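All figures in this text were calculated on a predicted structure; none of them were measured in a lab. Quick note on labels: first sequence line is chain A, next is B, and so on, each numbered from 1.
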Amino acid sequence: MDAITVNQLSKTFRVKVKEKGLKGSLKSIFQPEYKSIQAVKDISFQVKEGEILAFIGPNGAGKSTTIKMLTGILYPEQGEAMVMGINPALKRKQLSYQIGTVFGQKEQLWMHLTPYDNFKFFGTIYDLKDHEVEARIEELKQVFELEEFINTPVRNLSLGQRIRCEIVASLIHRPKVLFLDEPTIGLDPVVKENIRALIKKMNREYKTTIFLTSHDVGDIEKLCKRIIIVNHGRIVLDDSMENLKYHYLKKKVVELKLRDAVDLSDEDGITVLKSKGNNVKLEIDTTKKDISDALKLIDADNILDINISNIPLENIITEIYKENRQTLMKGSDTP
Amino acid sequence: MRKYLFICKATLMESLQYVMNIALGFISFFMMVFVFINLWNYIYSDPSKLISGYSRGQMIWYVILTEILWYGTRNRTLTVQISDDIKSGTIAYGLNKPYHYIVYIIAKHIGEIALKFVLFLGAGLVIGLIFVGPIRDFSPLRLPLILLSLLLGILINSFIRMAISVLSFWIEDCFPFHWIYDKLLILVGIMFPVEVFPQWAQPIIRCSPIYVVSYGPAKLVIDYNYSTALEILLAQLIYLAVSFILLMLFYQKGVKRVNVNGG
Amino acid sequence: MLTEVKNQLHVILLSVKYNIMREMTNRVTFLMNVSFMMLNNAAFIIQWMLLFRLKSDIGGYGLNDVMVLWGLSAGTFGLAHVFFHRAFSLPDLIIHGKLDSFLVQPKSVLLSVITSATSSSAIGDIIYGYMILTIFNFSFSNLLLFTLFIILGALILTAYAVIVGSLSFWILRSEMLSENLNNIMVNFQTYPDGIFKNVIRFLLYTLVPVGFVVYQPLKIILHFNLMACLGVLAFTIGICLLAFFVFYRGLRRYTSSSLMSARI
């Protein structure tokens with residue numbers, strides 16, 4: 001069964017346009033001009049139950065707008081979304097029992113209360129009985145290793161501990177789908193790793209569907225089997241992580257340290273990324289030229305050091321953003 | 001002096017952006033004045049009656065003028081900003097800058113309130129003319145003296161507020177002191193002229209700064225005579241000197257404290 | 001349905017309890033806020049003593065009556081701000097997209113939002129209200145009526161704040177306007193309605209419904225009248241329903257700050 005289905009979802013914002021200076025200010029008071037900005041255009045996709053999906057894109061691509069329409073925060077303008085068979089725009093309350101949300105930059109916890117009291121509060125919000133809440137807190141305390149600080153006021157916790165508590169708070173009511181918006185923002189690498197492990201564990205143990213947005217490639221690479229990339233309000237890629245890598249892994253990066261300089265710029269299937277004296281960085285398209293063929297062009301005695309690697313996911317994603325912009329621009333050129 | 005003029009001008013230009021906000025601020029001002037118009041209309045059931053020596057028109061004009069001074073010169077720069085600057089240590093950083101912090105704040109304050117004050121003055125005059133009519137026996141020849149007295153009143157008020165804010169060098173929160181000053185100003189200076197108070201209270205009020213900050217300028221507009229004018233201006237000059245010296249004294253002592261403690 | 005209401009009430013009370021706990025983390029500041037507000041209100045007794053020296057009745061009331069009016073005003077204001085403080089800063093929440101976390105909870109968005117903060121000085125207002133009633137016009141029945149009317153009045157003040165605050169869903173720069181309208185409510189509350197003439201009196205029962213918050217309640221406390229009581233009650237229910245309607249209508253236009261900050 002699908003946990004989330006999205007059908008041709010669109011959302012437009014009206015933004016006031018203000019001209020500069022006093023005259024502009026006065027004009028915008030009496031005769032405001034508006035400009036429509038389409039944040040999300042005709043987006044459709046499905047997410048299976050138990051899946052971990054990365055929903056990524058550059059700033060202003062429409063990620064947050066989409067996530068907010070799926071959680072019932074924003075009204076969609078057109079199209080329809082269903083989360084666990086419930087339409088967020090029509091049955092917000094009913095939906096909220098099914099979903100959990102963690103917005104990395106916005107805190108929902110009471111700072112002056114302990115995590116324990118906070119969890120109790122959220123339990124009340126979700127109409128849980130006292131003994132239910134306590135059993136649940138006990139369980140989550142074990143899984144998320146909160147013993148140490150469960151009775152310390154939230155304002156005295158470290159950022160990492162706080163995020164952990166935010167996640168636990170959003171799990172009190174056993175949501176079927178969890179929306180994580182930038183869960184690891186601002187955390188140090190060790191804590192990040194910790195949070196990722198917890199998210200994975202949660203997905204495994206509770207079969208929770210996870211909808212994740214992040215700018216952190218590590219989050220995406222380590223957690224997600226599927227990735228959707230949005231840009232300019234549209235989906236530009238919806239594929240499994242494996243396919244994405246396979247598609248782009250056809251290219252290899254070869255770094256060489258040579259005894260004598262060699263000119264390879266005319267070779268088909270080889271792009272020189274960097275060439276500085278005897279240090280060369282090449283990108284080899286393996287569909288056009290095998291690595292072995294490429295290396296044959298250089299005398300083995302000439303090679304002092306060699307390093308062959310895949311293109312990092314970060315670059316792949318950046319490339320997809322750029323490609324998308326080019327095709328968009330091409331599209332608008334033709335009348 | 002030129003740099004302070006520049007600060008003043010720059011903030012004035014900036015405040016032009018917020019004309020709309022000032023205009024909306026008129027609503028509160030207008031409501032306050034409106035309530036008092038109704039109140040005095042009710043109390044002066046016989047319009048020709050005099051209360052404490054004032055006619056109905058004079059009494060209402062008094063409130064309009066003092067409310068203009070209140071609404072037109074309120075500014076967070078004198079209260080919140082100074083306290084924040086002291087507590088955050090910004091003042092310590094500013095010490096080696098080529099300007100005097102106190103003069104800088106005064107310039108900024110005047111730039112910020114200039115437009116607001118003129119707009120409130122205009123609005124207040126319009127309201128007064130519509131609801132009460134012109135002030136009796138008003139002569140334009142007195143304008144220079146009245147304007148001088150207004151200016152002095154505004155300056156003294158600023159110095160007092162700043163002196164209170166500068167207390168932040170020593171105390172955590174100087175809000176209670178601002179609050180007490182506010183209440184005194186509203187109850188003793190804005191709502192009623194001194195003459196309305198019981199006989200025993202009047203000499204005390206006449207000696208207080210409220211007399212020169214609020215009552216003085218308004219009195220010159222509604223009920224001018226040569227000897228009160230002299231008395232008020234003299235009192236204002238004394239208070240101007242005293243409040244400025246106190247302000248500077250507090251500031252110097254406070255800054256020294258920062259230097260000793262290293263912020 | 002009934003359990004739903006019960007659960008909602010439970011959450012509201014818990015929120016208010018936690019809010020007050022938060023305010024009390026710094027006890028000195030808390031006590032100072034409470035006592036300064038009481039002093040603040042008490043300072044205005046001087047104003048009325050002076051006015052009543054000039055004339056023995058103002059707007060048809062004597063000093064004791066005006067004091068009870070003040071007590072009612074302080075009580076309604078205090079109760080509204082202890083329980084529903086956030087209703088008075090609704091424009092800020094709407095414009096800066098701070099409603100998100102309330103929208104993903106299975107409770108009434110409006111009620112969760114407005115109960116999410118409190119004002120400690122408002123506690124001083126409530127105490128002052130009861131002190132004034134005790135000093136100037138105490139009887140057991142007055143105590144009951146006073147309590148009833150500050151509850152209804154607080155609901156009216158809050159509903160009014162929600163309605164004018166919700167304008168921000170439609171008009172971007174209405175923050176100042178709603179703030180001013182709320183101030184007008186408070187300003188008129190402390191003056192007897194007898195000093196105002198016909199048109200204004202009409203406005204005070206419609207556009208700025210101070211009349212139902214304090215004027216009618218004062219009249220009922222002075223001369224009990226069941227019909228007037230029911231009138232206040234009916235108005236309270238009406239304006240509360242309107243507040244819910246307007247807020248939820250506006251909520252559809254909520255943009256969660258997505259592009260609000262964009263300036264072109």
Taking every non-hydrogen atom, the tightest pair across [X] and [Y]:
X: F121(A); Y: L14(C); result: CD1-CD2, 3.6 Å
X: L103(C); Y: R92(A); result: O-NH1, 2.9 Å
X: Y75(A); Y: L251(C); result: CD1-O, 4.4 Å

task = Would you mind checking if K6(C) and D127(A) are paired as a salt bridge, meaning a charged N to carboxylate O distance below 4.0 Å?
result =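 No.
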
Check each atom of [X] against the heavy atoms of chain C and say whether the ones under 4.5 Å are side chain, backbone, both or neither.
X: I125(A); value: both
X: T124(A); value: both
X: F122(A); value: side chain

request  = Tell me the residues of residues 146-158 of chain C whose non-hydrogen atoms fall below 4.5 Å from those of chain A, in number order.
outcome  =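 Those residues of residues 146-158 of chain C which would need a heavy atom under 4.5 Å from chain A do not exist here.
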
Atom [atom1] in [X], atom [atom2] in [Y]: separation rounded to 0.5 Å?
X: T255(C); Y: K68(A); atom1: OG1; atom2: NZ; answer: 8.5 Å
X: Q105(C); Y: K93(A); atom1: CD; atom2: NZ; answer: 11.5 Å
X: L128(A); Y: N7(C); atom1: CG; atom2: CG; answer: 9.5 Å

inquiry  = Is it true that, when you exclude K176(A) itself, more than 12 heavy atoms of the residues, nucleotides or ligands shown sit nearer than 6.0 Å to its NZ?
reply    =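 No - once you tally the heavy atoms of other residues, nucleotides and ligands closer than 6.0 Å, there are 12 at most.
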
query = For F245(C), does the CZ atom sit with more than 12 other heavy atoms under 6.0 Å from it, leaving out its own atoms?
reply =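 Check fails, neighbour count at 12 or below.
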
key: Among S96(A), G100(A), G72(A), residue most engaged with chain C (heavy-atom pairs, under 4.5 Å)   =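 The option with the most such pairs is S96(A).
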
Distance-only donor-acceptor hits, side chain of residues 77-84 of chain C, under 3.5 Å, sequence neighbours excluded:
residue	atom	partner	partner atom	Å
H81(C)	ND1	H85(C)	ND1	3.0

ask   = Checking H112(A) side chain against Y18(C) main chain: does a donor-acceptor pair fall under 3.5 Å?
value =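 Present.
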
request  = Considering only heavy atoms and a distance below 4.5 Å, find which of T3(C), N19(C), T25(C) pairs most often with chain A.
outcome  =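 Result: the option with the highest number of such pairs is N19(C).
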
inquiry  = Please rank S116(C), S101(C), S108(C), S15(C) by heavy-atom pairs under 4.5 Å with chain A and give me the top one.
reply    =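 That would be S15(C).
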
